[in-house]
Amino acid sequence: MAATETPGAAQKRVLRVLALHGYRQNERSFWERTGALRKRLRGRADLITFSAPLLVPDPDAEPGAGDPDSLQDESRGWWFSNPEQNSFDAMEESKTCSGLEASLDTVAKAFSELGPFDGILGFSQGAALVAIICALKQQGDPRFHFDFAILVAGFKSLSTDHAKHYQQPITVPSLHVIGETDRVISAAMSQELVSHFENPVILMHSGGHYVPACAPQKKVYWEFLDKFLT
């Protein structure tokens, strides 16, 4: 049965946010991990997830093990800090990396085919990529059109290949979500990334490496997103 609208009633706009998962995740696993956040943002913002292009090899997997058609079991990433081993470590300083351009092309394709989007959200390595995309947008890259960014457990890439993206202050409106007890991406690492943004909004929470969505965080998310609903 088709829904009906009250004559003259204004339809409330809902923000569309492209969501980038963390390393060793994929669109389906990130959709599940953001369930609480999606519920908190219902009526204000919709999250659209998609998978990174790089398959992360499992060194412990036996040849032929697992279901090759199972997206849930696929580990994916946005770039490798160690191209020889196809691996990534946020604390690894590297002169070269691989996969970033392929990932930027994948994100650009998502903007083109799934957009338009009001904002972009990233978690962990996905948040690090969001920062790079913000820098590219600021430099005039025509592939990326959005108004704001949300970076959860973000960090600055230590690859010298990426240093150019942090040379100028990033002016894209941003919300940075930082876990005080995060043992994967420390609060100090996230704060280092924050320092490259102008007028950032910072949400600290007492938890670890996850996307928080309790009542105190909901208030901050809402206040930040409401700026873009007018």
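All values below were derived from every heavy atom in this structure, side-chain atoms included, with hydrogens, water molecules and symmetry-related copies excluded. Position 1 is the first residue of the sequence; numbering continues from there.
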(request) Check whether NZ of the Lys or CZ of the Arg Arg40 lies under 6.0 Å from the centre of the six-membered ring of Trp222 and within 45 degrees of that ring's axis. (result)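 No, Arg40 does not sit over the ring of Trp222.
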
(request) Answer with yes or no whether the side chains of Gln138 and Thr171 bring together a donor and an acceptor at under 3.5 Å. (result)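 Yes - a donor-acceptor pair under 3.5 Å links their side chains.
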
(message) Strictly by side-chain hydrogen bond (donor to acceptor under 3.5 Å, both in side chains), give each pair with a member in residues 88-97 just once, sequence neighbours left out.
(response)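 Checked against side-chain hydrogen bond (donor to acceptor under 3.5 Å, both in side chains) - neighbours excluded - the pairs reaching residues 88-97 are Ser81-Glu92.
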
Close side-chain approach of [X] and [Y], heavy atoms under 4.5 Å:
X     : Y      : answer
His21 : Trp78  : yes
Leu47 : Leu37  : yes
Phe50 : Thr106 : yes

Considering non-hydrogen atoms only, spot the tightest contact between [X] and [Y] and give its length.
X      : Y      : answer
Arg13  : Leu15  : NH2-CD2, 3.4 Å
Ser103 : Gly77  : OG-O, 4.3 Å
Val201 : Val220 : CG1-CG1, 4.5 Å
Ala149 : Phe224 : O-CZ, 3.9 Å
Val14  : Gly43  : CG2-O, 3.7 Å

(request) Measure centre to centre between the rings of Phe117 and Phe146, then say whether the value is under 6.0 Å. (result)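 No, the ring centres sit 6.0 Å or more apart.
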
(request) Determine, using ring centers only, whether Phe80 and Phe88 are less than 6.0 Å apart. (result)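 No.
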
(request) Determine, stepwise, if the pair Asp46 / Arg38 fulfils salt bridge (Lys or Arg N to Asp or Glu O under 4.0 Å). (result) CA-CA 7 Å; Asp46 289 335; Arg38 288 187 285 106; over 6 Å; no

(message) Taking ring-ring contact (aromatic ring centres under 6.0 Å, His included) as the cut-off, I'd like each qualifying pair that reaches into residues 196-218, sequence neighbours left out, listed once.
(response)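 Residue pairs passing ring-ring contact (aromatic ring centres under 6.0 Å, His included), neighbours aside: Phe123-His209, Tyr166-His196, His176-Phe197, His205-Tyr210.
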
(request) Using a strict cut-off of less than 4.0 Å between a Lys/Arg side-chain nitrogen and an Asp/Glu carboxylate oxygen, indicate whether Asp147 and Lys227 qualify as a salt bridge. (result)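 Not counted as a salt bridge, because no side-chain N and carboxylate O are separated by less than 4.0 Å.
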
(message) Between the side chains of Arg28 and Glu32, is the shortest nitrogen-to-carboxylate-oxygen separation below 4.0 Å, so that they form an ion pair?
(response)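 Judged by the 4.0 Å cut-off on N to carboxylate O distance, Glu32 and Arg28 do not form a salt bridge.
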
(request) Determine, step by step, whether Trp79 and Glu101 satisfy the side chain to side chain contact (heavy atoms under 4.5 Å, CB included) criterion, reporting the C-alpha distance in whole Å, the side-chain angles of both residues, the deciding distance to 0.1 Å, and the verdict. (result) CA-CA 9 Å; Trp79 75 84; Glu101 291 304 321; over 6 Å; no

(message) Other members of the hydrophobic cluster containing Val194, with the 4.5 Å side-chain heavy-atom rule, please.
(response)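 Members besides Val194, by chain and number: Ile178, Ile202, Met204.
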
(request) Enter the distance from Ile170:CD1 to Lys137:NZ here, rounded to the nearest 0.5 Å. (result)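 Ile170 CD1 to Lys137 NZ: 12.0 Å, rounded to 0.5 Å.
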
(message) Looking at Gln168, I'd like to know if its CD atom is crowded, meaning that more than 12 non-hydrogen atoms belonging to other residues, nucleotides or ligands lie closer than 6.0 Å.
(response)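 Check fails, neighbour count at 12 or below.
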
(request) Consider only side-chain heavy atoms of I, L, V, M, F, W and Y, link residues closer than 4.5 Å, and tell whether Tyr221 and Leu151 are in one cluster. (result)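 Each belongs to a different hydrophobic cluster.
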
